[in-house]
> 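Take a look at the following structure, please.
These values consider heavy atoms only, across backbone and side chains, with no hydrogens, waters or symmetry-generated copies. Counting starts at 1 for both ligands and their atoms, following the listed order.
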Amino acid sequence: MFENLTGRLGEVFDRLKRRGALTEADVTAALREVRIALLEADVALPVVKDFISAVRERAVGQEVLRGINPAQMVIKIVHDHLTDMLGGDAVEVDLNAPAPVAIMMVGLQGSGKTTTSAKLARRFRLRDKKRVLLASLDVYRPAAQQQLEVLAKQAEVGSLPIVFGEKPVAIAERAMKIAAREGYDVVILDTAGRLHIDDVLMDEVAAVKSKARPHETILVADAMTGQDAVTIAKTFQDRVGLTGIALTRVDGDARGGAALAMRSVTGKPIKLLGQGEKLDQLETFHPERIASRILG
Ligand code: GDP
């Protein structure tokens with residue numbers, strides 16, 4: 001992810017550095033190219049506009065242009081605003097609530113929900129020393145519940161025994177009850193996805209949410225789907241309410257627009273990055289590190 005964007009921005013800033021003294025016109029020209037690079041990375045236009053005008057306001061100030069190293073100062077301003085756009089400080093998935101803490105995973109089919117649920121369970125077990133129960137609420141896709149059971153074994157965490165024919169809300173209730181009785185710290189509820197956003201899906205997710213009262217509701221979104229991922233996130237935020245986002249397939253050649261625009265469009269932080277199919281390929285999203293990576 002971000003290879004093209006990094007390459008493009010690198011060229012813009014190299015040109016800026018070679019100029020030495022800068023005029024307002026130089027900065028404006030550079031920002032025009034930054035704008036094009038962001039649009040090509042599939043960042044939504046309103047997000048790009050806000051970003052460019054915020055950077056511009058600070059970067060054409062006299063203290064920048066008359067400074068000793070104006071190009072470096074402009075680059076630093078871009079870096080700082082990029083970090084802000086990505087959410088500022090890293091935000092972890094929060095387990096700070098009375099046990100069993102419910103974490104609900106939502107998203108479209110194929111986004112990586114089941115894989116991310118198992119990755120997260122493994123991380124809670126290893127890093128946070130938590131007892132974790134995984135429960136699949138996907139009663140539609142054949143073998144979805146068995147898939148989660150297999151992943152739970154790999155992650156060495158518990159999985160809710162499957163009761164065929166049970167409805168999602170009832171599964172969530174049973175998971176919470178069993179978790180309380182058997183002393184689990186965390187329950188991860190892997191909800192069903194659909195191929196597209198639809199009302200039935202949203203109603204079901206909302207019904208599970210009101211019953212299980214999850215401490216976190218995490219949208220799993222595929223970075224490869226670019227602006228679609230952002231639209232999906234906005235819809236889930238409006239209809240269900242989210243506390244965070246897990247962006248998957250960042251190991252692929254996604255242009256990065258989803259990562260860049262998610263926070264501004266939804267108001268919710270990206271908390272996790274899925275970087276492969278294996279269960280240990282999950283990372284906390286660090287806005288500052290990502291901004292540094294983008295700027296090379
Ligand atoms: P779900 O339908 O949302 O539950 O999606 P799955 O968890 O079943 O994932 C769909 C496919 O994407 C599987 O083949 C996963 O191995 C793969 N996958 C999930 N997350 C990632 C990721 O971060 N990177 C890559 N490369 N593949 C992933």
Side-chain angles (χ1 to χ4, degrees), residues 1-3 93 102-124 132-155 157 159-160 162 168 171-172 175 187-198 200-202 204-205 208-209 214 216-226 228-233 235-237 239-240 242 244-260 262 270-286 289-290 293:
M1 200 163 64
F2 298 129
E3 279 88 2
V93 177
I103 310 282
M104 185 166 88
M105 310 296 279
V106 301
L108 296 192
Q109 195 173 315
S111 59
K113 228 172 333 86
T114 303
T115 311
T116 306
S117 299
K119 287 176 173 178
L120 205 50
R122 179 181 179 278
R123 163 195 272 222
F124 290 149
V132 188
L133 182 69
L134 275 169
S136 170
L137 277 53
D138 188 349
V139 296
Y140 309 102
R141 191 161 58 91
Q145 291 176 289
Q146 289 90 332
Q147 182 194 348
L148 191 67
E149 206 167 50
V150 170
L151 289 174
K153 277 212 183 76
Q154 287 174 20
V157 300
S159 65
L160 185 74
I162 300 169
I171 299 176
V187 180
I188 299 178
L189 303 168
D190 180 19
T191 63
R194 300 274 198 287
L195 288 176
H196 306 284
I197 295 270
D198 67 36
V200 180
L201 167 73
M202 288 296 169
E204 181 184 291
V205 170
V208 171
K209 190 175 175 192
E216 290 256 14
T217 304
I218 309 249
L219 175 85
V220 180
D222 180 349
M224 299 291 283
T225 60
D228 273 352
V230 182
T231 310
I232 290 160
T235 310
F236 269 94
Q237 165 59 14
R239 299 275 299 267
V240 182
L242 302 171
I245 294 160
L247 207 56
T248 61
R249 295 214 182 79
V250 302
D251 49 307
D253 58 357
R255 283 179 282 177
L260 290 166
M262 273 303 182
I270 299 177
K271 296 192 170 184
L272 300 162
L273 291 180
Q275 298 196 308
E277 300 197 356
K278 299 207 188 78
L279 292 187
D280 62 353
Q281 290 175 316
L282 181 75
E283 278 193 19
T284 299
F285 183 79
H286 290 280
R289 284 186 214 164
I290 298 284
R293 202 171 107 194

> Is any side-chain heavy atom of Leu272 less than 4.5 Å from a side-chain heavy atom of Leu120?
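They are in contact (side-chain heavy atoms under 4.5 Å apart), so the answer is yes.
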> Whether the Arg123 and Thr284 side chains hold a donor-acceptor pair (N or O, under 3.5 Å, no angle test) is what I'd like checked.
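Distance-only check passes for Arg123 and Thr284.
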> Partners of Glu204 by side-chain hydrogen bond (donor to acceptor under 3.5 Å, both in side chains), sequence neighbours excluded?
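Here the qualifying residues are Tyr140.
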> Looking only at heavy atoms, which two atoms of Thr115 and Glu277 are closest? And how far apart?
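Answer, listing the atom of Thr115 first, then Glu277: CG2-O, 3.8 Å.
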> Keeping the roles fixed (side chain from Gln147, backbone from Ala143), state whether a donor-acceptor pair exists under 3.5 Å.
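No.
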> Which heavy-atom pair separates Val250 from Ala223 by the least distance, and what is that distance?
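Reported closest heavy-atom pair: CG1-CB, 4.1 Å.
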> Mind checking what residues have non-hydrogen atoms under 4.0 angstrom from ligand 1?
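Within the 4.0 Å shell of ligand 1, which is judged on heavy atoms, sit Leu108, Gln109, Gly110, Ser111, Gly112, Lys113, Thr114, Thr115, Lys119, Arg141, Gln147, Thr248, Arg249, Asp251, Gly274, Gln275, Gly276, Glu277.
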